[in-house]
Q: 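The following block contains the structure, expressed as structure tokens.
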Amino acid sequence: MKPVLGIESSCDETAAAILDERGAVLAEALLSQREHAAFGGVVPEIAARAHLAHLPGLVTDVLQQAGLRVGDLGGIAATTGPGLIGGLIVGSGLGKGIALASGLPFVAVNHLEAHALTARLTDGLDFPYLLLLVSGGHCQCVAVEAVGRYRRLGGTIDDAVGEAFDKVGKLLGLPWPGGPALERLATGGDPARYPFPRPLKGRPGCDFSFSGLKTAVAQVVATFPPGALPAQAAADIAASFQQAVADVMVDRAAHALAMLPGVPLVAAGGVAANTKLRATLDQVATAHGVRLVAPPLRLCGDNAVMVAWAGIERLRLGLTDPLATAPRPRWPLQEMTG
Ligand code: KG4
Ligand code: ZN
């Protein structure tokens with residue numbers, strides 16, 4: 001098989017990458033849109049326009065970096081859902097346009113499947129494995145059985161875990177996105193200072209809930225005069241919040257590992273970049289006699305390498321999609337086929 005171009009534009013990362021058939025990265029380019037920081041969250045219309053402005057240039061860049069022309073490629077893979085519709089239209093539209101002009105096969109990539117299959121690219125993992133998908137928009141526990149075959153074991157009943165990090169970051173006055181900044185702040189804090197709730201801990205299954213935890217943090221912040229949260233208290237709140245999330249994750253992961261014993265545990269999505277969470281998940285995996293596989297940090301958040309890889313996995317199985325495939329803002333993994 002010839003190299004595959006991947007395109008990602010489902011949220012606020014604009015990215016393109018080219019991988020060869022074995023998964024070696026021949027070229028990659030990623031632009032994290034900073035223009036949303038002033039609004040404290042992703043503004044869909046601004047995101048779509050930024051994708052439109054930058055994506056064609058990034059695709060040209062990666063082709064140049066790889067020393068390839070479109071005709072040297074074996075296929076075009078573009079994220080087609082789930083995500084913000086404007087960005088999806090831009091990225092999948094560009095991918096389809098290139099496929100149409102060149103006659104190359106097109107793969108409509110599910111962004112969640114791209115996160116889910118990254119561990120096979122980085123660690124050559126065999127099926128099945130257990131996936132903890134933890135990002136800004138998603139928080140679920142999935143049995144990954146094959147390309148296109150996913151069984152949902154549990155998920156959040158309110159906020160995604162990354163969303164909780166971002167909202168607590170906002171409460172603490174941290175720059176957006178809150179996750180990485182909160183992790184840095186927490187290093188100087190006392191994780192035992194505030195006994196925040198551990199929602200659903202000890203309950204059967206592996207569902208998640210974070211809105212109560214976020215409210216508990218808001219209540220503590222509200223005990224300080226507005227705008228006068230002492231630096232040490234902020235660090236202690238950050239550390240205590242992160243500890244509560246880690247405790248919940250461990251409990252939920254342990255339940256999932258009991259539901260699917262003996263298979264590796266994979267952490268994926270932006271929140272999997274969190275060192276504390278990685279360390280605690282590593283402990284729970286070890287305690288269950290399995291290994292934790294977490295992608296390198298640059299492949300945890302949204303990127304096009306994972307999209308090109310998902311394309312390669314599908315093309316290897318002869319799976320392609322018609323150019324008429326419509327972008328899907330909502331596209332649960334369980335609705336995939338392989
Ligand atoms: O996978 P991703 O890039 O985009 C989505 O598909 O949502 O994940 C972004 C999320 C954001 O909520 C961000 O705050 C969070 O991942 N995040 C972190 C860390 N790095 C990114 N959360 C906690 N700790 C981190 N180090
Ligand atoms: Zn993502």
Side-chain angles (χ1 to χ4, degrees), residues 8-15 30 32-33 36 41-42 44 47 79-84 87-88 91 109-119 121-122 129-142 144 150 152-170 176-183 206-211 213-214 241-242 245-246 248-249 252-253 256 265-278 280-281 292-307 309-310 328-334 336:
E8 164 61 33
S9 62
S10 65
C11 191
D12 58 335
E13 258 81 34
T14 312
L30 184 143
S32 290
Q33 301 174 3
H36 305 287
V42 180
T79 298
T80 305
L84 299 172
L88 293 172
V109 171
N110 179 308
H111 179 89
L112 305 177
E113 177 168 78
H115 276 302
L117 298 178
T118 302
L121 167 66
T122 57
Y129 52 87
L130 192 63
L131 170 74
L132 212 50
L133 182 55
V134 284
S135 75
H138 305 279
C139 185
Q140 51 186 292
C141 205
V142 179
V144 180
Y150 305 93
R152 192 176 194 270
L153 302 176
T156 185
I157 56 175
D158 40 56
D159 293 349
V161 60
E163 198 179 345
F165 268 93
D166 294 340
K167 285 177 177 171
V168 168
K170 210 180 246 185
W176 176 88
L182 194 146
E183 179 176 12
C206 52
D207 282 341
F208 299 86
S209 166
F210 292 104
S211 76
L213 174 55
K214 175 200 65 195
F241 164 78
Q242 191 173 255
V245 172
V248 166
M249 283 291 165
R252 308 287 78 197
L265 176 64
V266 173
V271 182
N274 186 289
T275 312
K276 164 98 186 162
L277 290 182
R278 286 166 89 103
T280 44
L281 287 174
L292 173 76
V293 176
L297 296 192
R298 68 182 184 89
L299 294 181
C300 283
D302 292 345
N303 65 85
V305 169
M306 69 178 189
V307 178
W309 175 249
R328 294 185 58 174
R330 213 186 139 272
W331 190 3
L333 271 179
Q334 314 78 261
M336 299 290 301

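Given the structure is predicted, the values throughout are model-derived calculations rather than measurements.
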Q: Just jot down the side chain to side chain donor-acceptor pair (under 3.5 Å) partners of Lys276, sequence neighbours excluded, or say none.
A: Gln243
Q: Is it true that the side chains of Glu8 and Thr14 contain a donor and an acceptor less than 3.5 Å apart?
A: no
Q: Restricting to side-chain contact (heavy atoms from CB on, under 4.5 Å), what partner residues turn up for Asn303, sequence neighbours left out?
A: Leu30, Leu299, Val305, Met306
Q: Heavy atoms, side chains only, cut-off 4.5 Å: are Val293 and Tyr129 in contact?
A: no
Q: Nearest 0.5 Å, what's the CG-OG1 distance between Asn274 and Thr280?
A: 8.0 Å
Q: Is a side-chain donor or acceptor of Glu183 paired with a backbone partner of Pro180 at a separation under 3.5 angstrom?
A: no
Q: Can you spot which of Leu281, Leu292, Val161, Val266 makes a side chain to side chain contact (heavy atoms under 4.5 Å, CB included) with Leu132?
A: Leu281
Q: Considering only residues two or more places apart or on different chains, which pairs with a residue in residues 294-303 satisfy salt bridge (charged side-chain N to carboxylate O under 4.0 Å, His left out)?
A: Glu28-Arg298
Q: Which residues pass the side chain to side chain donor-acceptor pair (under 3.5 Å) test with Ser209, sequence neighbours left out?
A: Asp158
Q: According to the interplanar angle, ranging from 0 to 90°, do the rings of His111 and His138 count as parallel (below 30°), tilted (30 to 60°) or perpendicular (above 60°)?
A: tilted
Q: How many angstroms lie between atom SG of Cys139 and atom CG of Leu133, to the nearest 0.5 angstrom?
A: 8.0 Å
Q: Run the side-chain contact (heavy atoms from CB on, under 4.5 Å) test on Leu333 and Met336 for me, step by step, so that the C-alpha distance in whole Å, both residues' side-chain angles and the decisive distance to 0.1 Å come before the verdict.
A: CA-CA 5 Å; Leu333 271 179; Met336 299 290 301; 4.1 Å; yes
Q: Check side chain to side chain donor-acceptor pair (under 3.5 Å) between Glu113 and all other residues, then give those that pass, not counting sequence neighbours.
A: Tyr150, Arg314
Q: Going through the checks in order, is the side-chain contact (heavy atoms from CB on, under 4.5 Å) test met by Asp159 and Phe208?
A: CA-CA 8 Å; Asp159 293 349; Phe208 299 86; over 6 Å; no
Q: Listed by chain and number, what are the side chain to side chain donor-acceptor pair (under 3.5 Å) partners of Arg328, not counting sequence neighbours?
A: Glu335
Q: Just verifying a value: how many Å separate Phe241 CZ and Leu213 CG, rounded to the nearest 0.5 Å?
A: 5.0 Å
Q: CZ/Arg152 to CD/Gln334 distance, rounded to the nearest 0.5 angstrom?
A: 6.0 Å
Q: Provide the closest heavy-atom pair for Thr79 versus Ser10 in the form atom of the first, atom of the second, distance.
A: CG2-CB, 3.8 Å
Q: Between Thr80 and Trp331, is a side-chain contact (heavy atoms from CB on, under 4.5 Å) present by the stated rule, with each step listed?
A: CA-CA 9 Å; Thr80 305; Trp331 190 3; 4.2 Å; yes
Q: Starting from the C-alpha separation in whole Å, work towards a yes-or-no answer on side-chain contact (heavy atoms from CB on, under 4.5 Å) for Asp12 and Ser32.
A: CA-CA 6 Å; Asp12 58 335; Ser32 290; over 6 Å; no
